[in-house]
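For reference, the structure discussed in these notes is given below.
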Amino acid sequence: MNDVIKYSFLFIILLLIQVVVLNNILFSGYINPLLYILFIIVFPLMRDRGLILVLSFLLGLFVDFFLDSGGINAAATLAIAYLRLPLLKGLLRKSDIDFLVFNITKLPFTKLLSYIAILTFTHHLIVFSLEYFKLSEILTILSRTILTGIFTFILIIFSLLLMNKSK
Amino acid sequence: MQQIISFIIKYKYFILFMLLEVIALNFTVQSHSFHKSKFVNSANVLTGGIYNKIHSFKQYTSLKGHNQLLLEENVRLKNKLSKTLINSIHDTVTVIDSLKYFQKYSYTFANVINNQYHKKHNYLTVNIGSKKGVKPDQGVINSKGIIGITNTTSNNYATVLSILNENSKINVKLLNSLHFGTLIWNGKDYNILQLVDLPIQADIKEGDTIITGGRSTIFPKGIPVGIILDFNKKNNSYKSINIKLFNDMSAIGPVNIITNFDKKEINNLEETVY
């Protein structure tokens, strides 16, 4: 029960931070970090993956509502929510994970970093590919993915540190 | 049958994933291809309400600038008014003629509560909606020039398709000749737009003023747009004419929404022809 309140709180807070603060940053003209994917990164692993898929879809769709961007964020967030488990299995070289004990903050540091980085950059690549939707814009897509991705990555690391400290 | 059920159970997460992904991509394609009847837009109670709250905080920081703009507009309108007074002072006979007072356009005041300019498909949200008579496809301007065209409406909010949107096409003309062109945006710089379809007969120079053409039923003729920044000619036709806007699209506060009373009549007439 405690977890339900905690993660619904996190869902709303991340959405509000994204919409009220981060969408207005426009660093050097167009870089807006997409911190809300932190929700997908910290959400506990469960045997039943249906919940995280539905929640990630809704989170992305809410962001899309605010940005008038169709279903771009929903599609990208859903994709990383689906990729999360196979990615963790691949990183840890395990065929099965003990879902009850598993906690991403207990991961080895380098594996945690690569887990976050891969999810962040996959998400951003999908977002910007769908936004530009043209093969001729491939360089713009890549540069925006990398620049925005670095920002989001740093913010996610800081937020994780803050969240662990407050415990 | 047994096999089908076991297949579904085995791949249920993948099926759920594909289903939601198709829905999301469907919304995306809808927003890219056609800008009408969209389900995902920021003109609803939740998003509009939150943007309104943010706007009421931000408003105070820009009051000075907006006051300045209003003063400038007042001066311009007063100058216009004094000119018409001189013209009509010779009319010594008072004629009450209802045809003389025929009104074609009306303007409604609105505040922009959300403004995008850094994406490829930019939208704005304004704080009035269908309760105040806003409908899709109305022009939105401010004292310095055009902003966009209303897109979707809810009771109290409306979204505006910004001129900084790849789907936006606006009929414009040169101030000093009758040649028409179309104003589009290539998605790069939010202060620079592109003029296309201008015939080679039009003699243009850098610094020429561009105004709205009044060919569509959305914008009246003569609203300022911007000036020609640079252009190049190739194969006896104009390639890439860059227009610098009068407006700063990154800082937009109060706007006017234009209602055209003749719109229905014109559209009905044109439907019978085409």
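Proteins come first, then strands; the chains are lettered A, B, ... in the order of their sequence lines, and each starts at number 1.
Heavy-atom pairs under 4.5 Å with chain A peak, among B:L25, B:N114, B:T47, B:N115, at B:T47. Taking chain B as the reference chain and counting heavy-atom pairs below 4.5 Å, the highest number among A:A79, A:A75, A:A74 is found for A:A75. When B:G48, B:A24, B:S250 are compared by the number of non-hydrogen pairs under 4.5 Å with chain A, B:A24 comes out ahead. Heavy-atom pairs under 4.5 Å with chain B peak, among A:L16, A:D48, A:N23, at A:D48.
Taking a 6.0 Å sphere around CZ of A:F158, one finds it holds 12 or fewer heavy atoms contributed by other residues, nucleotides or ligands. Open room surrounds OH on B:Y11; 12 or fewer heavy atoms of other groups in view lie less than 6.0 Å from it. At most 12 non-hydrogen atoms from other residues, nucleotides or ligands lie less than 6.0 angstrom from NZ of B:K169. For A:K89, the NZ atom is densely surrounded, since the number of other residues' heavy atoms within 6.0 Å is greater than 12. With a 6.0 Å radius and a threshold of 12 heavy atoms from other residues, nucleotides or ligands, A:K111 has its NZ atom above the threshold.
For the pair B:Y13 (side chain) and A:R49 (backbone), a donor-acceptor distance under 3.5 Å is present. In this structure, B:T28 contributes its side chain and A:G71 its backbone to a donor-acceptor pair below 3.5 Å. Within the 3.5 Å criterion, the main-chain N or O of A:G70 finds no donor-acceptor partner in the side chain of B:Q30.
Only the side chain of B:Y51 has a heavy atom closer than 4.5 Å to any heavy atom of chain A. Neither the backbone nor the side chain of B:N122 comes within contact range of chain A; no heavy atoms are under 4.5 Å apart. With a threshold of 4.5 angstrom between heavy atoms, B:T125 approaches chain A through side-chain atoms but not through N, CA, C or O. Using a 4.5 Å cut-off between heavy atoms, B:K119 touches chain A through backbone and side chain atoms alike. With a 4.5 Å cut-off on non-hydrogen atoms, B:E21 touches chain A through its backbone and its side chain both. Neither the backbone nor the side chain of A:A81 has a heavy atom closer than 4.5 Å to any heavy atom of chain B.
Between A:I31 and B:H118, the closest side-chain pair of non-hydrogen atoms is not below 4.5 Å. Side-chain contact between B:F27 and A:L61: present, with at least one pair of heavy atoms (C-beta onward) separated by less than 4.5 Å. Side-chain atoms of A:S69 and B:H121, non-hydrogen and from C-beta on, never get closer than 4.5 Å to each other. Contact check for A:N24 versus B:K58: side-chain heavy atoms found under the 4.5 Å cut-off.
To the nearest 0.5 Å, atom CG of residue B:N44 and atom CZ of residue A:F65 are 6.0 Å apart.
Contacts between residues 129-147 of chain A and chain B, defined by a heavy-atom separation under 4.5 Å, are made by A:L130, A:E131, A:Y132, A:F133, A:K134, A:E137, A:R144.
Using bins of under 30°, 30° to 60° and over 60° for the plane-to-plane angle, the ring pair B:F17/A:Y82 lands in the parallel bin.
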Full working for side-chain contact (heavy atoms from CB on, under 4.5 Å) between B:I50 and A:F66: CA-CA 9 Å; B:I50 289 177; A:F66 279 99; 3.6 Å; yes

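Nearest heavy atom pair, residue B:L20 against residue A:L53, reads CD1-O, 3.9 Å.
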